[in-house]
Structures are given as C-alpha cells and as structure tokens.
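Before any comments, here is the structure.
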Number of protein chains: 2
Amino acid sequence: MRKRATAKQVANAAGVSKWTVIRAFTEGASITDESKRKVLEAAAALNYTPNLLARSLATKSTGQIAVFVDDFANPQKLPFLETLTEQLQAVGRVAMLININHHFDHVHALLHADQRQVDAIILFGTAFRDETLTDRQLGNGTPPMFVLARDSQIEGVPAVVCDAELALREIVDHLHDKGYRRPGFMSGAPALSTALRRREYFSKFWSEKGISHIAHFAAEKYSFEAGALGIRNYLSSTSKDRIDVLMCENDILALGAMDEIRGKFGLSVPDDIAIVGFDNYELGGSSAYGLTTYEQPLREMVGVIIRMIKNEHDPETVTLPGRLVLRSST
Amino acid sequence: MRKRATAKQVANAAGVSKWTVIRAFTEGASITDESKRKVLEAAAALNYTPNLLARSLATKSTGQIAVFVDDFANPQKLPFLETLTEQLQAVGRVAMLININHHFDHVHALLHADQRQVDAIILFGTAFRDETLTDRQLGNGTPPMFVLARDSQIEGVPAVVCDAELALREIVDHLHDKGYRRPGFMSGAPALSTALRRREYFSKFWSEKGISHIAHFAAEKYSFEAGALGIRNYLSSTSKDRIDVLMCENDILALGAMDEIRGKFGLSVPDDIAIVGFDNYELGGSSAYGLTTYEQPLREMVGVIIRMIKNEHDPETVTLPGRLVLRSST
DNA sequence: TTGTATGCGTTATCAT
DNA sequence: ATGATAACGCATACAA
C-alpha cells in the first residue's frame with residue numbers, strides 16, 4: 001500500500017530539512033542547485049508531489065473555481081463548459097461543477113462553495129435575486145462572483161455577456177430587409193429571460209421600424225420540447241395574419257419550434273414562417289435545419305472571465321460583440 | 001471585511017472549548033443538548049460553518065470526485081453530467097470536472113486529482129492504456145477509479161456500461177426483420193470505439209444471420225461534422241449495391257450522416273438508406289430526424305457508479321440493459 | 001460529557 | 001541558503 005509521500009519523508013531521504021524540500025518545489029525560492037537536485041532526485045524516487053490540500057489550507061487559495069449551472073437542456077452549455085474547463089486548467093485552476101436544482105439551490109451551493117474555500121464562483125447562465133444574498137452578507141467573506149452569459153442581477157457582481165443590443169439590432173435589420181413584417185418572439189424560463197434582454201431589444205428595434213406589435217410566446221423552459229409546445233397552440237388556433245417570422249431566445253427553442261412548424265403543421269420555413277435562434281448550436285447549422293442564428297463569442301467571453309478571476313481585469317461588466325449567422329431559415 | 005469564523009472563535013463566544021464546537025458539528029458525537037444549543041447559537045451569530053478544507057486535510061477525505069471528460073462533441077454528455085452532478089450532490093459529494101485534452105492529458109489529470117486528494121475518479125466516456133498507469137503505480141495510493149459509459153481497458157478498474165451485446169442483438173434483429181440486408185457501420189475515434197464493442201457485436205449478429213460483409217466507415221471523432229464526412233466519400237463514389245442501412249456508433253454521428261445523406265445527396269431515409277444511432281439524444285427524436293436509436297439507462301448507470309464510490313457496491317464491472325427506440329429512420 | 005495534546009502537510013516568518 | 005518555530009482549521013485519541 002503506497003501512500004502519498006510527504007515533504008518530510010523526502011527530506012529524510014535527501015538528507016535535508018523538509019523546508020528545503022518545500023523550496024525545491026517553490027518557484028523562485030532561494031535554494032542551491034545542488035540541494036535542489038538532491039531533493040528532486042529523492043522526490044522522484046518516492047514519487048512525491050506536494051499535497052495541494054495542505055497547500056490550500058496554508059495559503060488560503062485553492063485554485064478551485066465553482067461553476068454554477070441550473071439548466072442542462074441547452075446543448076450549447078457543452079462547448080461553453082469545454083472552453084471554460086480548458087482555459088481554467090491552462091491557468092492552473094480547476095472547475096467544481098455545481099448543479100443548481102430543487103434539491104440544491106443557490107443558497108446551498110453558495111454555502112458549499114464558501115466552505116470549500118473556492119477562489120471564485122462563476123454563475124454560468126444563472127442568476128438570482130439580491131435578497132437571498134444580503135442574508136449571506138455577500139461581498140465580505142464569500143468568494144468573488146462572476147456571471148457568465150447572462151446579465152448580472154446582483155449589485156456589484158460583474159457579468160460577461162454577448163452584446164444583446166448589437167445582436168438584436170443586426171437581427172431585426174436583417175429580418176426587416178428580408179421583408180418580414182409580422183414578428184413573433186419566443187422566450188424561455190421567465191426568471192432567466194429578462195436577464196438576457198433579447199426580447200426587450202427585439203421589441204425596441206422593431207418599434208423603431210414602425211412595428212410595435214410583437215406576438216409573444218412563452219416557453220416553460222429552454223428545451224427542444226418546450227420550443228415545440230410554445231408555438232403549438234398558436235399554430236392550431238390561428239391561420240390568417242399569422243406571424244411571418246419567429247425569433248426564439250435560443251437555438252434549442254428555435255429548433256423545437258421549427259420542428260413543430262414544419263413537421264407537425266406542414267408549414268414551410270422560411271416561406272410561411274421564418275425562424276431565428278441564438279447561440280449557433282452546431283446542429284442548427286445542419287441542412288435539416290439551416291437555422292439563422294447569432295453566435296456568441298464564447299472563447300472571448302470565457303477569456304475575460306478568467307482574467308477577472310486572475311485579477312488581470314477589472315471586475316466590471318463586459319459586453320462583447322457576437323456574429324450574425326445567416327442560413328436558410330430566414 | 002468579514003472573514004470566515006473558526007471553531008475557536010465560536011468556542012470563545014459560547015464559553016466552551018473549541019473541541020466542543022467541533023462536536024456540535026459532528027454527527028453522533030457525545031455532547032449535551034445544552035452545550036450543543038449554546039454552540040449552535042453562537043455559530044449562527046458568527047455565521048460559522050466548518051471549513052471543509054481543513055476537515056479534508058484531517059480526515060483524508062475530500063468528498064470531491066474527479067470526472068474526466070475528453071470529448072465534448074457529443075451532446076448526450078450533458079444529461080449525463082446533469083444526472084451525475086445531481087446524484088453526487090445528493091450524497092454529499094461534488095464533481096471536479098476535468099477536461100482531458102492535448103494540453104492536459106490523462107497523466108496530468110491523474111496527478112492533479114491525486115494531489116487534490118479526490119475520493120474517486122470517474123473516467124466518463126474515457127479510457128486509456130494500461131501502460132500509462134503502471135508508471136503511476138496505480139491502485140496503491142491513487143484514488144479508486146471507475147469507468148462510466150465505456151468498457152474499462154484497465155485491469156482492476158470496473159466499468160458501468162450499457163449492455164452492448166443485448167443492444168446490438170435487438171438492433172440487428174430489428175433491422176433484419178425490416179428486410180435490410182446490406183448493413184454498414186460507422187465508428188468514431190478509434191481509441192474509444194473498441195471500448196464500446198458496438199461494431200464487434202453488430203458484425204457478430206449479422207454474421208449469425210448469414211451476412212458477413214459489413215461496410216465500415218471510420219469517422220475521425222464523435223461529432224456531427226465527422227458523421228457527415230464519414231459517409232460523404234462513399235456516397236459520391238458508390239451508386240449501385242449501396243448499403244441499405246447504416247448503424248452509427250452514436251446519435252451525433254448518425255445525425256451528421258443522415259444530414260449528409262438527405263441534405264447533400266438527396267437520398268431518402270429510410271427508403272434509400274436507413275439509419276440507426278445510439279444514445280437517444282433528444283434532437284434525434286425530432287420529426288426532422290426521427291432517428292431510431294438505443295437508449296442507455298443513464299440514471300441507473302450513474303446510480304451504480306455512485307454506490308461503488310460509497311462502497312455500497314462491489315467494484316466490479318456492471319452491465320445494464322438499455323431500450324430500443326424505434327422511429328421513422330428505419 | 002468535556003478538555004488537552006497531537007497530528008494532517010503545507011506555507012510564512014524569523015533566526016542563523 | 002538553510003533550519004527552526006508557528007500557523008492554517010479541524011479531527012483523533014486520550015485523560016479527566
């Protein structure tokens with residue numbers, strides 16, 4: 001039964017004190033080349049590596065970043081998580097993935113992250129009201145928080161988001177140019193929807209073009225199924241003067257809606273109803289869907305969050321431009 | 001600036017020793033109700049909760065489970081991660097999500113997980129050769145490992161998988177019943193493919209029905225794009241005696257292939273070529289695809305892994321039955 | 001039941 | 001440059 005070797009054991013083997021061993025493993029510590037060599041040799045023989053747990057306790061820095069996620073229905077979460085974990089690991093951090101759900105809510109998660117002494121908390125696509133926070137005296141002892149891919153609804157907590165105003169302006173301009181005049185908008189979970197501000201700007205820019213009525217569809221949550229359900233009732237009850245274009249708050253809703261429109265109602269996209277999504281999820285680009293959408297600058301967004309975590313960037317909300325992706329659905 | 005309160009501070013406030021404070025927070029410790037009440041009161045006032053970092057150092061148990069993932073292209077990873085994190089948190093554990101890639105390989109990850117003293121490592125959809133392990137003297141000091149959703153290729157490391165033999169038997173029976181006689185199989189990344197054994201059983205059961213030639217297509221990896229590429233060359237170079245059914249190693253490959261077959265080559269599914277996938281990814285069920293597939297018992301699989309981690313289940317490979325999902329693509 | 005001493009494996013600080 | 005002392009916050013074992 002090999003156990004992890006400790007600095008003390010290495011010290012004995014190398015004939016030095018354990019502090020010299022520590023120094024051999026500390027960047028820029030003052031130590032002779034000779035000592036360092038002896039230590040590293042002994043360490044290799046004993047398969048020694050520093051215990052990060054003990055190091056964290058002493059330094060009060062764990063290198064662990066809690067990532068809160070409360071919605072796994074959107075497949076776009078996956079590339080985001082990939083980029084996030086990759087970039088975190090590239091700077092010596094590691095992600096603690098925390099699933100926020102009915103059994104484990106934000107308060108639990110916050111307490112847990114705090115108890116584990118994480119260096120920071122990333123609210124990925126999640127946010128919550130200020131009230132739950134003031135209880136916890138946030139901003140004092142708790143780790144710094146950052147919101148990713150949603151507007152922050154918490155005073156003093158910065159967010160990194162894709163520029164919704166710019167995005168919706170480009171989208172509405174495009175739709176208007178294409179000749180669409182009866183727009184509809186489908187939003188997802190109400191609590192999250194407002195933080196995206198997509199509907200808000202969608203209305204605003206249509207209104208600037210003289211169109212003030214936007215049909216609104218509320219999906220229960222962000223999922224394929226919810227997207228289909230969100231439009232079903234409308235399609236079966238309305239046949240004339242229908243919307244001619246539907247913007248959905250994200251791609252997965254849009255794909256669900258498109259599937260319903262074409263598959264279940266036999267309508268044509270974009271001839272009967274055009275569709276726009278948001279995220280540029282890979283499958284939306286398939287020839288089966290050809291979904292026009294808006295791509296978030298995922299790598300850049302994650303990059304900014306990481307620099308904030310490393311204190312290389314002021315903790316202020318950052319808004320990055322995305323990219324309109326035109327396909328056959330419009 | 002509020003800092004985290006320590007047991008000692010609570011002890012002072014409550015007028016007891018710090019060990020009594022510890023006992024108040026230790027399940028089943030011997031302590032008077034009166035003392036406990038005083039302690040909890042003081043703790044609440046000071047907003048004290050035990051520091052899990054220090055606890056972990058002392059108990060040598062962190063409650064952290066490293067989850068290795070090396071492929072984020074398959075959207076089915078997301079519901080798996082959701083279930084995994086949810087069930088881990090339900091038993092007081094938490095997931096450390098580790099992205100295995102070119103910059104951070106298995107050996108790095110293993111070392112890292114070990115340094116952080118995780119309680120266990122889950123190789124989720126990942127495995128690697130024995131040789132890299134023997135270096136690290138695995139099975140002695142390192143945390144126990146488990147493979148999820150792949151066969152284990154490591155001696156002594158158990159896996160929890162969906163029963164490939166049963167699955168492929170059902171699939172091949174179904175295809176044969178439907179009258180298909182010229183089967184093809186598309187595999188993904190070679191290193192992972194063999195661990196799934198899907199191709200192996202696909203061949204075996206067709207062979208039992210007297211069909212020994214299986215056209216084989218090798219996709220570079222498991223992604224939509226790779227699925228499309230995997231079949232492109234074949235379709236453009238072969239026009240007669242083509243395969244009449246294509247089984248893909250997972251849904252995302254199948255969707256890519258189907259998109260190529262219908263969208264780019266104008267062929268009909270299932271009339272020209274039928275398609276079968278594996279995983280039952282939600283979008284495969286859309287009317288745009290209607291993909292016949294095989295569903296893995298994700299909750300049960302995760303449940304077994306967790307019981308192994310809790311030592312409530314012998315660390316032996318477990319094979320669970322899935323479910324054939326018939327749709328219009330066959 | 002409660003208090004004391006000691007250990008977990010590091011790091012920080014000081015002395016040599 | 002190296003060794004020694006203290007500290008990080010908690011748990012374990014033992015004594016009272």
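For the numbers below, each heavy atom of this structure counts, side chains included, while hydrogens, waters and symmetry mates do not. Below, chain A is the first sequence line, B the second, and so on; all start at residue 1.
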Among the candidates [options], find the nucleotide nearest to the side-chain atoms of [X].
X       : options               : result
B:Thr32 : C:dT2, D:dC10, C:dT10 : C:dT2
B:Ala58 : C:dT2, D:dA11, D:dT2  : D:dA11
A:Lys18 : C:dT2, D:dC10, C:dT10 : C:dT10

Look at [X] and [N] and indicate whether a side-chain polar atom (N or O) is within less than 4.0 Å of OP1 or OP2.
X       : N      : result
B:Thr20 : C:dG3  : yes
A:Thr59 : C:dT10 : no
B:Lys60 : C:dG9  : yes
A:Ser56 : C:dT10 : no

(request) Answer yes or no for B:Arg307 and B:Phe146: cation-pi contact, defined as NZ/CZ to six-membered ring centre under 6.0 Å and angle to ring axis within 45°. (result) no
Would you mind reading off the distance between [X] atom [atom1] and [N] atom [atom2], rounded to a whole angstrom?
X        : N      : atom1 : atom2 : answer
A:Lys36  : D:dA1  : NZ    : P     : 12 Å
B:Gln117 : C:dT10 : CD    : C1'   : 12 Å
A:Asp33  : D:dT2  : CG    : C1'   : 15 Å
A:Ile22  : C:dT13 : CD1   : P     : 15 Å
B:Leu53  : D:dA7  : CG    : C1'   : 14 Å
B:Arg23  : C:dT1  : CZ    : P     : 10 Å
B:Gln9   : D:dC10 : CD    : C1'   : 14 Å
A:Leu52  : C:dT11 : CG    : C1'   : 13 Å

(request) Between B:Ser35 and A:Asn51, just flag the one whose closest nucleotide in DNA chain C comes earlier from the 5' side. (result) B:Ser35
(request) Between B:Gly15 and B:Leu57, just flag the one whose closest nucleotide in DNA chain C comes earlier from the 5' side. (result) B:Gly15
(message) Tell me whether A:Lys221 at atom NZ has more than 12 heavy atoms from other residues, nucleotides or ligands lying less than 6.0 Å away.
(response) no
What nucleic acid atoms does [X] come within less than 4.0 Å of, heavy atoms only: base, sugar-phosphate, or nothing?
X       : answer
B:Tyr48 : sugar-phosphate
A:Thr26 : nothing
A:Ile31 : sugar-phosphate

(request) Determine whether any donor atom in the side chain of B:Trp19 lies under 3.5 Å from an acceptor atom in the base of C:dT1, or the reverse, and answer yes or no. (result) no
(request) Would you confirm whether the ring centroid of A:Phe80 sits within less than 6.0 angstrom of the ring centroid of A:Phe124? (result) yes
(request) Assess the side chains of B:Gln76 and B:Gln296: does a donor N or O sit below 3.5 Å from an acceptor N or O? (result) no
(message) Less than 3.5 Å apart, any donor N or O on the side chain of B:Arg116 or A:Ser56 sitting next to an acceptor on the other?
(response) no
(request) Pick out which of B:Val161, B:Val157, B:Leu123, B:Val160 makes a side chain to side chain contact (heavy atoms under 4.5 Å, CB included) with B:Ser152. (result) B:Val157
